[in-house]
Amino acid sequence: GAGVSQSPRYKVAKRGQDVALRCDPISGHVSLFWYQQALGQGPEFLTYFQNEAQLDKSGLPSDRFFAERPEGSVSTLKIQRTQQEDSAVYLCASSRGLAVANTGELFFGEGSRLTVL
Amino acid sequence: AQTVTQSQPEMSVQEAETVTLGCTYDTSESDYYLFWYKQPPSRQMILVIRQEAYKQQNATENRFSVNFQKAAKSFSLKISDSQLGDAAMYFCAYRILFKETSGSRLTFGEGTQLTVNP
């Protein structure tokens, strides 16, 4: 597609429910990132994929958070047993390459706003 | 650890005037990129301008320019001839050159909400 696509744009969950957020990156982009953005704050890194390999998950706040990218394209962020503190916008971003010469630009989706009641 | 600080949570400017948004960062790396992103209410982060740390010349993109002071670790954004469409949250961000395991994640500041008054 022309840009990074995320769905759903809005999700309301009851505390304790599981949710799944989808990211469809720009075609051919090797790198994929997930960020969490609390209201009025800057995005915080969650996890990074290089193709299908999850190379960095150091930002995931707890073991209730799980991300996958099984075929190196679409990625899903899953949150189990949601808590109120999980309420945030979840942003997905992708970038083209790996090389040092990579300009470093990330392309972002519009995010999925999760509200946990 | 790398940190990015934006000390001005909110700023306002009159239409057609100039405004400068401040940003400082802390890093031990020598090779990195700095960015300003704009986030309108639609939430999509839009790249405004990019600066490579090895370049001494300040980056410019139309009405947007930066003042990059590497020794001081300062990276401010100047918006000239402000327009109503410039109103948004602006984030300063830092990224080291690619590293295998981290993909060179972006580290963001807290943001500055810019209001443009007609």
Side-chain angles (χ1 to χ4, degrees), chain A residues 2-6 8-10 23 25 29-51 53-60 69 75 88-114, chain B residues 1-10 21 23-25 29-55 59 61 75 88-113:
Chain A
V4 178
S5 177
Q6 291 188 248
R9 286 213 67 196
Y10 301 91
C23 173
H29 276 198
V30 170
S31 298
L32 185 145
F33 299 80
W34 283 98
Y35 285 83
Q36 180 189 56
Q37 186 176 20
L39 185 64
Q41 301 293 316
E44 295 279 347
F45 171 81
L46 293 177
T47 188
Y48 161 66
F49 288 87
Q50 182 187 115
N51 296 306
Q54 188 177 20
L55 297 187
D56 188 352
K57 53 183 181 179
S58 63
L60 296 176
R69 193 186 185 198
S75 177
V89 173
Y90 291 85
L91 295 171
C92 177
S94 68
S95 68
R96 186 173 53 234
L98 306 176
V100 169
N102 185 343
T103 60
E105 181 175 356
L106 294 190
F107 296 86
F108 284 83
E110 293 184 322
S112 294
R113 180 182 296 279
L114 173 64
Chain B
Q2 292 84 30
T3 60
V4 179
T5 302
Q6 295 176 249
S7 58
Q8 305 147 312
E10 298 177 348
L21 281 57
C23 173
T24 59
Y25 60 96
E29 299 285 341
S30 58
D31 293 321
Y32 51 88
Y33 296 103
L34 295 164
F35 304 85
W36 279 97
Y37 278 88
K38 169 184 177 181
Q39 188 179 42
S42 69
R43 300 199 304 261
Q44 186 170 24
M45 288 282 191
I46 301 166
L47 179 65
V48 174
I49 198 165
R50 171 179 56 231
Q51 174 80 43
E52 291 87 345
Y54 65 88
K55 289 186 177 178
E61 286 288 340
F75 182 62
M89 182 74 93
Y90 285 80
F91 291 97
C92 178
Y94 161 97
R95 186 182 190 191
I96 59 174
L97 289 183
F98 175 79
K99 281 193 174 178
E100 177 76 12
T101 54
S102 70
S104 305
R105 67 179 74 171
L106 275 175
T107 300
F108 288 89
E110 304 92 339
T112 297
Q113 181 68 50

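Convention: sequence-line order gives letters A, B, ...; per-chain numbering from 1. All values below were derived from every heavy atom in this structure, side-chain atoms included, with hydrogens, water molecules and symmetry-related copies excluded.
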Chain B contact via Gln6(A) - side chain, backbone, both or neither, heavy atoms under 4.5 Å: neither
Salt bridge (Lys or Arg N to Asp or Glu O under 4.0 Å) against Glu44(A), all qualifying residues, sequence neighbours excluded: none
Heavy-atom closest contact (Pro43(A) atom, Phe91(B) atom, distance): CD-CE2, 4.1 Å
Over-ring placement of Arg95(B) relative to Phe45(A), 6.0 Å and 45° cut-offs: no
Gap between atom CZ of Phe107(A) and atom CG of Leu47(B) - 0.5 Å precision: 8.0 Å
Non-neighbouring partners of Gln44(B) that pass side chain to side chain donor-acceptor pair (under 3.5 Å), sequence neighbours left out: none
Residue pair Tyr37(B) / Leu106(A): nearest heavy atoms and the distance that separates them: OH-O, 3.2 Å
Proximity breakdown for Ser58(A) and chain B, heavy-atom pairs closer than 4.5 Å: side chain
Residue part contacting chain B, namely of Tyr35(A), when any heavy atom lies under 4.5 Å: side chain
Toward chain A, the part of Gln39(B) with a non-hydrogen atom under 4.5 Å: side chain
Portion of Leu32(A) that has a non-hydrogen atom of chain B nearer than 4.5 angstrom: neither
Atom pair CZ (Arg105(B)) and OH (Tyr48(A)), whose distance is rounded to the nearest 0.5 Å: 11.5 Å
Arg43(B) side, atom CZ; Ser112(A) side, atom OG - distance, nearest 0.5 Å: 7.0 Å
